[in-house]
Amino acid sequence: MKGIFVFFSTALAVMLSTVCSKSENQVEKPQPASVTIEEVVAAKHEVTFTLKPTQAVRMSYCCLPKGEKPTEAAWKMLDGAAAAKVTVKELEAGTAYTLQARAENWLEEQSEIVTRDFETQRLPSLILGAITATADGAEVAVKTADAQTLFWACVPASEENPKEFTQVEAQAEMTVKVSALMASTEYRFAAYVADADSQSEPVAQSFRTEAPASIDLGVSGTANCYVVSEAGRYSFAADVRGNGVSSTAMPRANISTGQLPSVRTGVPTGSGFRPRGWSRTLSSTHRRNASNLRPRKDASM
């Protein structure tokens, strides 16, 4: 019986020794730490992300422009084994960056570095394209990017920068139509774009409207007189009589083929043409009657 007791005591001691040995080995060999970068949300000038560690007592991270290698001073330390939400500010808009993170276990053994690339949001921008002008208007080609609203204004070039702008929905490619402009005048078209919380720098481009087009009073036939009922720019062949015969008493002078003297609201003008013997009358009904503008046969340039 005594022998059996001694054998049992020896076996128990061996078992306890084995258990203690295994416990000591587990303490001496902790699990390696690791970390992941998740929930990355980039804005124009900042980024927010979450670090989730495993078997770690601390973490560190850095955020640098893509392709740049971090120095040891660039790493930011976070103590604790819980997940952490981090925000990095003062970033450049529309720029590619790389997040890097690593973790340490209680023996200060570092994990492998994990990375995550991202790009900050871009600021709204626009490009003014070609401007096609007529005598009383213009069309401006505009390209926008990352914009919600376009603000534009058109003022004479002699005036100061505009303070009031027309607001329209921004599109990637669009045409802005400007109307009610004066002929033969220099203008400046200014515009900028915006999104919910930022706007671009204003840009401007100058252009000139065309000269006003004239109405040829003799397009359907020549006459000794012409009657017009409203103000405008008119032209007629001053060297042709009503019967279609060229007048020798009214020499063509500097008037070349296709270059007709112009008359605005009944007054002969253009190319220096001012024959003697012309007069101007205005009827009570405000009609400009060319029959009152009769040249004498001795009229000359």
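Values in this document were obtained by computation on a predicted structure and should not be read as measured data. Along the sequence shown, residues carry numbers from 1.
The pair Arg102-Glu108 does not meet the salt-bridge criterion, since no charged nitrogen lies less than 4.0 angstrom from a carboxylate oxygen. In summary, Asp146 and Lys44 do not engage in a salt bridge, as defined by a charged side-chain N under 4.0 Å from a carboxylate O.
A donor-acceptor pair under 3.5 Å is absent between the side-chain atoms of Thr144 and the main chain of Ala147, judged by distance alone. Judged purely by atom type and a 3.5 angstrom limit, Thr120 uses its side chain to pair as donor or acceptor with the backbone of Thr95. In this structure, the side chain of Arg188 engages the main chain of Glu160 through a donor-acceptor pair within 3.5 Å. No donor-acceptor pair under 3.5 Å is formed between the side chain of Glu104 and the backbone N or O of Ala56. At least one donor-acceptor pair closer than 3.5 Å links the side chain of Thr185 to the backbone N or O of Ala183. Proximity of a side-chain donor or acceptor of Tyr61 to a complementary backbone N or O of Val86 within less than 3.5 Å is not detected. No side-chain donor-acceptor contact under 3.5 Å links Thr209 to the backbone of Asp136. Judged by distance alone, the side chain of His45 and the main-chain N or O of Glu92 form no donor-acceptor pair under 3.5 Å.
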Output, in order, the C-alpha distance, side-chain angles, deciding distance and verdict of side chain to side chain contact (heavy atoms under 4.5 Å, CB included) for Ser184 and Arg208. CA-CA 6 Å; Ser184 302; Arg208 182 179 180 84; 3.8 Å; yes
Using the rule given for side chain to side chain contact (heavy atoms under 4.5 Å, CB included), can you reason through Ser200 versus Phe151, listing the C-alpha separation, both sets of side-chain angles and the distance that settles it, and then say yes or no? CA-CA 10 Å; Ser200 68; Phe151 299 84; over 6 Å; no
Pair Thr98-Leu64, side chain to side chain contact (heavy atoms under 4.5 Å, CB included): steps then yes or no: CA-CA 6 Å; Thr98 299; Leu64 297 171; 6.0 Å; no
Evaluation steps, side chain to side chain contact (heavy atoms under 4.5 Å, CB included), between Val142 and Leu126: CA-CA 7 Å; Val142 180; Leu126 82 159; 4.1 Å; yes
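Counting only heavy atoms from C-beta outward, the side chains of Val40 and Val47 approach each other to under 4.5 Å. Between Val88 and Glu46 the shortest side-chain heavy-atom distance does not fall below 4.5 Å. The shortest side-chain heavy-atom distance between Val203 and Tyr192 does not fall under the 4.5 Å cut-off. Counting heavy atoms from C-beta outward, Met59 and Leu51 have side chains that approach closer than 4.5 Å. Between Cys154 and Phe207, some side-chain heavy-atom pair lies under the 4.5 Å cut-off. Ser206 has its side chain out of reach of Tyr187: every pair of non-hydrogen atoms, C-beta onward, lies at least 4.5 Å apart.
Cluster membership for Leu181 and Leu128, using ILVMFWY side-chain heavy atoms within less than 4.5 angstrom, is shared.
Between Leu78 and Ala84, the shortest heavy-atom contact is CD1-CB, 4.0 Å. In terms of heavy-atom proximity, Ala83 sits nearest to Lys52 at CB-CG, 4.0 Å. Of all the heavy atoms in Gln100 and Ile113, the pair that sits closest is OE1-CG2, 3.7 Å. Considering every non-hydrogen atom in both Asp195 and Asp197, the closest pair reads OD1-N, 3.1 Å. Nearest heavy atoms, Ser198 versus Leu123: OG-CD2, 3.9 Å. Taking all atoms of both residues into account, the shortest heavy-atom contact from Val35 to Ser111 is CG1-OG, 4.5 Å.
Thr48 and Thr87 form a side-chain donor-acceptor contact under 3.5 Å, judged by distance and modelled atom types alone.
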Donor-acceptor contacts, no H, no angles, side chain residues 164-179, under 3.5 Å, sequence neighbours left out:
none

